[in-house]
S.K.: 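Please find one structure pasted underneath; my questions will follow.
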Amino acid sequence: MAGMTSTTTTTATAQFNPDRYQRMHYRRCGRSGLMLPAFSIGGWHNFTDRDNVVEMMTAAFDLGITHVDLANNYGPPPGEAETQVGDVLRREFKGHRDELIISSKAGYRMWPGPYGDLGSKKSLIASLDQSLQRLGLEYVDIFYHHRFDPHTPLDETMGALDLIVKQGKALYVGVSNYRGPAIVEAHHQLQQRGTALTIHQPSYSMFNRTPEHDVLPHTGRLGVGVIAFSPLAQGLLSDKYLDDVPADSRAASPTGFLQRDRITPELQVQLHKLNDVARERGQSLSQMALQWLLRDERVTSVLFGASRVSQIEANVKSLDAAAFSAEELEKLDAILAE
């Protein structure tokens, strides 16, 4: 994909970098025809202020990041991220829709009652219709079932994804937060209907290596792409927590996934060791952690969130570093095993 040039006419509302496709690496998503950028940008908690959404999406696109990852409940409030992105697509990105991959999901609680959650046909179809209205789009490029539903037959959930593709509301479908056997069965259920399971989205980082034995062996064999979310382990894999817990950090907040008691002296020793390896490579710890995920060709893309343009730029620079040597990977494995 390097060397591609855009033939789309840029509108007066946005002037994008004409060299954007030369600045990014693209990987094939499993055995599909879909190419995703090595890095994708997500709108979980950072896409609620319009000015910030414009800034983040424009900076990402200028660097060749063509994939914007959303879900029905991203906000707050739920749905706000899709509303903001839809407005930006209509205004700043007018004429560029076909250069973008827009994804959304359903499966976590979105509205009251028994149909605003999990994986029933009713829930998935209704949720996607709402998402398309908020985004102002006729279709999304990828639609995911956001999490496995133990209460709904997988046949029904995959049947809903198949119907969504055949209705033209999504070009590709995927699953997120599924474990190995469920991935295999989801692929089988869709394949029987003539639709491909194109992509899986697991949490994967240096501090969460479960996908290496529970996801990647299956997706690799089946030809399913993988996009890793939470690649920095909620910010742990940065220089933020090397010596303290900053007052404005996630770990200092009384709510959220990352709690202060996670930042132990033992963890900080481990972070310092990882940081030393990153310095030897001429990278920040977060840059090394992102590049480490891409060492495996079965990983199609790495999904990160950002609140500042400088974060996006720094993350993309990790693509410029030398490939890991066998010795470096062994050293990192030893540190992570601690």
Side-chain angles (χ1 to χ4, degrees), residues 4-21 23-24 26 34-106 108 110 127-144 146 168-172 174 201 227 229 301-316:
M4 279 184 56
T5 56
S6 173
T7 58
T8 306
T9 301
T10 304
T11 68
T13 56
Q15 296 294 324
F16 296 116
N17 189 331
D19 297 327
R20 57 190 176 273
Y21 292 117
R23 308 175 74 179
M24 177 53 59
Y26 297 86
L34 179 64
M35 304 288 284
L36 291 182
F39 291 123
S40 300
I41 188 165
W44 181 22
H45 283 315
N46 300 324
F47 276 25
T48 56
D49 176 80
R50 188 185 187 284
D51 290 341
N52 187 58
V53 177
V54 172
E55 192 174 18
M56 295 299 102
M57 286 185 60
T58 299
F61 192 55
D62 274 343
L63 290 167
I65 297 177
T66 54
H67 180 206
V68 180
D69 180 82
L70 300 164
N72 58 351
N73 64 334
Y74 286 179
E80 184 63 18
E82 290 180 332
T83 298
Q84 293 296 339
V85 168
D87 186 58
V88 172
L89 290 175
R90 284 188 294 273
R91 298 172 184 267
E92 279 73 18
F93 281 78
K94 185 178 180 181
H96 293 271
R97 168 65 180 100
D98 292 339
E99 296 180 62
L100 294 168
I101 300 296
I102 306 296
S103 64
S104 191
K105 315 177 195 72
Y108 281 96
M110 182 62 186
S127 181
L128 179 54
D129 284 346
Q130 290 184 15
S131 292
L132 292 175
Q133 289 179 11
R134 286 189 291 268
L135 289 164
L137 298 177
E138 294 182 356
Y139 68 92
V140 291
D141 297 278
I142 305 171
F143 184 67
Y144 296 87
H146 208 160
K169 295 178 180 178
L171 303 184
Y172 304 93
Q201 188 173 133
I227 177 169
F229 76 87
S301 185
V302 175
L303 174 63
F304 63 76
S307 57
R308 300 185 302 276
V309 169
S310 60
Q311 292 174 324
I312 300 174
E313 293 172 341
N315 289 348
V316 172

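The basis for the numbers below is simple: all heavy atoms, side chains too, and nothing from hydrogens, waters or symmetry mates.
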S.K.: What residues, two or more places apart in sequence or in another chain, satisfy side chain to side chain donor-acceptor pair (under 3.5 Å) together with Y172?
M.R.: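 Side chain to side chain donor-acceptor pair (under 3.5 Å) list for Y172, sorted by chain: empty.
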S.K.: With side-chain contact (heavy atoms from CB on, under 4.5 Å) as the criterion, how do E99 and F93 come out once you've worked through the C-alpha distance, each side chain's angles and the decisive distance to 0.1 Å?
M.R.: CA-CA 10 Å; E99 296 180 62; F93 281 78; over 6 Å; no
S.K.: Taking the side chain as every heavy atom from C-beta outward, state whether D69 and K105 have any atom pair closer than 4.5 Å.
M.R.: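 Answer yes - side chains close enough.
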S.K.: With the side chain counted from C-beta on, respond yes when F229 and W44 share a heavy-atom pair under 4.5 Å apart, and no when they do not.
M.R.: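 Side chain of F229 against side chain of W44, heavy atoms only: no contact under 4.5 Å found.
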S.K.: Is any side-chain heavy atom of I142 less than 4.5 Å from a side-chain heavy atom of L34?
M.R.: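 When only atoms from C-beta onward are counted, L34 and I142 do touch, with a gap below 4.5 Å.
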S.K.: Is any side-chain heavy atom of L132 closer than 4.5 Å to a side-chain heavy atom of E138?
M.R.: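 No, their side chains stay 4.5 Å or more apart.
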S.K.: Kindly determine whether V140 and L128 satisfy side-chain contact (heavy atoms from CB on, under 4.5 Å), including the steps that lead there.
M.R.: CA-CA 9 Å; V140 291; L128 179 54; 4.1 Å; yes
S.K.: Could you state the interatomic distance from CD (E92) to CZ (F16), rounded to the nearest 0.5 Å?
M.R.: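 Here the rounded value is 7.5 Å.
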S.K.: Say you draw a straight line from CE of M56 to CD1 of I41; how long is it, rounded to the nearest 0.5 Å?
M.R.: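 Those atoms lie 6.5 Å apart.
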S.K.: Mind checking the CE-CG spacing from M24 to D19? Nearest 0.5 Å is all I need.
M.R.: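 If I round to the nearest 0.5 Å, the distance is 13.5 Å.
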S.K.: Side chains of Y144 and L70: does their closest heavy-atom pair fall under 4.5 Å?
M.R.: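 Y144 vs L70: side chains apart.
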S.K.: Can you name the residues that form a side chain to side chain contact (heavy atoms under 4.5 Å, CB included) with L171, not counting sequence neighbours?
M.R.: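 Checked L171 against side chain to side chain contact (heavy atoms under 4.5 Å, CB included); matches are Y139, D141.
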S.K.: Sub-3.5 Å donor-acceptor pair from the side chain of R20 to the main-chain atoms of R23, do we have one?
M.R.: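 No.
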S.K.: Once rounded to the nearest 0.5 Å, what's the spacing between atom CG of N46 and atom CD of E55?
M.R.: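 If I round to the nearest 0.5 Å, the distance is 12.0 Å.
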S.K.: Please check this pair: side chain of K94 against backbone of L89, looking for a donor-acceptor N/O pair closer than 3.5 Å.
M.R.: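 Pair absent, no side-chain N/O of K94 close to backbone of L89.
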S.K.: Rounded to the nearest 0.5 Å, what's the gap from CD1 on I102 to CG on L135? Could you check?
M.R.: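 Interatomic distance, I102 CD1 to L135 CG, rounded to 0.5 Å: 7.0 Å.
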S.K.: For the residue pair F47 and V85, establish whether any side-chain heavy-atom pair is separated by less than 4.5 Å.
M.R.: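 They are in contact (side-chain heavy atoms under 4.5 Å apart), so the answer is yes.
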S.K.: Report the residues that fulfil salt bridge (charged side-chain N to carboxylate O under 4.0 Å, His left out) with D49, sequence neighbours left out, ordered by chain and then residue number.
M.R.: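 D49: no salt bridge (charged side-chain N to carboxylate O under 4.0 Å, His left out) contacts found.
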S.K.: Go through the structure and list residues passing side chain to side chain contact (heavy atoms under 4.5 Å, CB included) with N73, not counting sequence neighbours.
M.R.: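 Applying side chain to side chain contact (heavy atoms under 4.5 Å, CB included) to N73 gives A71, P78, Y108, M110, H146.
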S.K.: Atom CG of N72 and atom OG of S131: how far apart are they, to the nearest 0.5 Å?
M.R.: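 Between atom CG of N72 and atom OG of S131 there are 5.0 Å.
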S.K.: S301 side chain to P37 main-chain N or O, any donor-acceptor pair under 3.5 Å?
M.R.: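 Yes: the side chain of S301 pairs with the backbone of P37.
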S.K.: Show the atom names and distances, to 0.1 Å, of all donor-acceptor pairs under 3.5 Å that link a side chain in residues 305-314 to residues at least two apart or in another chain.
M.R.:
| unit_1 | atom_1 | unit_2 | atom_2 | d |
| --- | --- | --- | --- | --- |
| S307 | OG | Q311 | OE1 | 3.3 |
| Q311 | OE1 | S307 | N | 2.7 |
| Q311 | OE1 | R308 | N | 3.2 |

S.K.: Taking distance alone, no hydrogens or angles, what donor-acceptor pairs closer than 3.5 Å link side-chain atoms of residues 59-68 to residues at least two apart or in another chain?
M.R.:
| unit_1 | atom_1 | unit_2 | atom_2 | d |
| --- | --- | --- | --- | --- |
| D62 | OD1 | N17 | N | 2.7 |
| H67 | ND1 | S40 | OG | 2.9 |
| H67 | NE2 | S103 | OG | 3.1 |

S.K.: Name all residues meeting the ring-ring contact (aromatic ring centres under 6.0 Å, His included) criterion together with F39; count only those two or more places apart in sequence or in a different chain, and write none if there are none.
M.R.: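 In terms of ring-ring contact (aromatic ring centres under 6.0 Å, His included), with neighbours along the sequence ignored, F39 is linked to F304.
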S.K.: List in chain and number order the residues that pass side chain to side chain contact (heavy atoms under 4.5 Å, CB included) with Q84, two or more places apart in sequence or in another chain; answer none if no residue qualifies.
M.R.: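 Side chain to side chain contact (heavy atoms under 4.5 Å, CB included) check on Q84 returns R50, V53, E80.
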S.K.: Check R134 against R90 and note the closest heavy-atom contact, atom names and distance.
M.R.: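 Taking R134 first and R90 second, the nearest heavy atoms are O-NH1, 4.3 Å.
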